[in-house]
Amino acid sequence: MKTKQKIALFLINTLMCVAILFITCFCLSGWGILVQVACYGVAGVGFLVGLVTFLTRKDAILKSVFVVMVCAIVLIGVIAVMSAVGHLEQYETDEEKIDALIIMLEQTGGWGMAVYFLLQVLQVVILPLPALVCYLPGALIWGPLYATLIASAGVIVGSVICYVIGKYFGHRAVVWIAGKETVEKYTPMLAKRGKIIFVLMQILPFFPDDILCMLAGLTCMNFPFFLGVIVLVRPIVIAVYCYGSAIPYDQPWGIAVWVAIFVVCISVAIIWFKFQDKIEGWLVSKFSLKRKKKPNEIPAAADEAKEETQPQQNDKTSEN
């Protein structure tokens with residue numbers, strides 16, 4: 001990335017952090033202390049990480065921070081507008097405000113579902129949002145079934161767009177979006193290690209699923225196989241998140257389940273980040289396709305026999 005582009009990203013990122021501070025201070029003053037602290041924290045962390053990545057020239061992380069801050073300011077801005085339109089200051093607690101927001105979104109009907117669908121498409125192509133942020137709001141508003149269907153449709157469309165970007169816009173476009181390190185790391189796996197690796201990466205957590213769709217377009221993976229994997233696998237993963245939201249958080253057994261899920265997720269994350277290279281290497285070695293011997297390959301023993309007979313033939317030729 002050029003220097004001017006990095007400077008522009010950093011400056012815009014800084015302006016968005018400042019805007020979040022002003023929106024929180026003047027438009028969300030009626031919300032509870034936890035919501036305000038969270039908004040201030042997002043602005044502060046966004047600025048610090050952006051500054052560090054800019055000074056250390058971590059271009060991929062700087063892009064990711066920029067995208068996250070765009071999502072944050074849009075989300076906070078929407079909440080601020082809806083708070084003003086719905087007069088949420090009349091509610092005493094944040095829980096009552098959130099319930100009122102959900103009712104407002106339910107009343108949008110088909111328009112709200114269309115926006116939710118578009119959000120899923122964008123989060124695959126350009127907005128790397130966490131799964132909880134993408135799927136759980138829809139499950140709370142329209143229920144797990146409708147949220148799963150709408151989100152799955154959006155994710156499938158977004159995944160196809162990513163495949164097309166890799167297929168027709170080429171290596172340079174994917175590098176700009178995903179980063180050079182990510183492309184160089186995962187492209188050889190998809191190109192040489194067989195299609196089953198792609199299926200596993202779509203199922204297992206912590207793999208960059210959406211970026212892998214772009215990389216699949218760079219390889220020789222055919223579109224019918226790609227589409228079949230996305231249609232069969234991604235809705236199952238989305239359903240797990242959406243139906244997981246039905247677990248109550250105000251009952252003892254529900255609280256125990258959520259605590260267990262949280263502990264498992266944290267444990268898996270720690271194990272993954274500590275042994276990521278070893279896990280990926282094991283998956284590649286375990287499920288990679290065996291290399292087929294080419295017809296024109298000569299066994300090593302035949303090569304050695306040929307080398308031994310060749311000097312004898314040369315000696316006989318010299319004697320004659």
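Given the structure is predicted, the values throughout are model-derived calculations rather than measurements.
The shortest distance between side-chain heavy atoms of Glu96 and Leu88 does not fall below 4.5 Å. Side-chain contact between Lys167 and Phe223: absent, with no pair of heavy atoms (C-beta onward) separated by less than 4.5 Å. Side-chain contact check for Cys213 versus Val124: every heavy-atom pair is 4.5 Å or farther apart. A heavy-atom distance below 4.5 Å is found between the side chains of Tyr40 and Cys25. Looking only at side-chain heavy atoms (C-beta outward), Val237 and Val240 stay at 4.5 Å or farther from each other. Two residues are said to be in side-chain contact when any heavy atoms from C-beta on lie closer than 4.5 Å; Gln120 and Tyr135 meet this criterion.
Classification of the Phe54-Phe10 ring pair by plane angle, with boundaries at 30° and 60°, yields parallel.
Using a 4.5 Å cut-off between side-chain heavy atoms of Ile, Leu, Val, Met, Phe, Trp and Tyr, with links allowed through other members, Val74 and Met16 fall into the same hydrophobic cluster. Using a 4.5 Å cut-off between side-chain heavy atoms of Ile, Leu, Val, Met, Phe, Trp and Tyr, with links allowed through other members, Leu9 and Val18 fall into different hydrophobic clusters. The same ILVMFWY cluster, assembled from side-chain heavy atoms under 4.5 Å apart, contains both Val70 and Leu118. The cluster map of Ile, Leu, Val, Met, Phe, Trp and Tyr, joined by side-chain heavy atoms under 4.5 Å apart, puts Leu227 and Val121 in the same cluster. A continuous path of hydrophobic side-chain contacts links Val157 to Val231 [ILVMFWY only; heavy atoms under 4.5 Å].
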Applying side chain to side chain contact (heavy atoms under 4.5 Å, CB included) to Ser159 and Arg234, what does each step give before you reach the verdict?
CA-CA 10 Å; Ser159 299; Arg234 296 302 289 272; 3.9 Å; yes
Passes side chain to side chain contact (heavy atoms under 4.5 Å, CB included), Val125 versus Ile165? Steps please.
CA-CA 9 Å; Val125 181; Ile165 291 174; 4.2 Å; yes
Would you sort out whether Trp31 and Thr24 count as a side-chain hydrogen bond (donor to acceptor under 3.5 Å, both in side chains), showing the intermediate values?
CA-CA 9 Å; Trp31 286 75; Thr24 305; over 6 Å; no
Working note: Met113 + Trp142, criterion side chain to side chain contact (heavy atoms under 4.5 Å, CB included); need CA distance, chi angles, decisive distance, verdict.
CA-CA 9 Å; Met113 292 183 178; Trp142 297 291; 3.5 Å; yes
Step by step, work out the side chain to side chain contact (heavy atoms under 4.5 Å, CB included) result for Tyr146 and Cys242.
CA-CA 9 Å; Tyr146 284 105; Cys242 292; over 6 Å; no
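In terms of heavy atoms, Ile23 sits closest to Ala80 at CG2-CB, 3.9 Å. Contact detail for Ala72 and Ile20: the closest heavy-atom pair is CB-CD1, 4.2 Å. Gly166 and Leu218 get closest at one heavy-atom pair: O-CD2, 3.2 Å. The two residues Tyr116 and Ala147 make their nearest non-hydrogen contact at CE2-O, 3.9 Å.
Within 6.0 Å of CD in Glu92 there are 12 or fewer heavy atoms belonging to other residues, nucleotides or ligands.
For Leu48, there are no side-chain contact (heavy atoms from CB on, under 4.5 Å) partners, not counting sequence neighbours.
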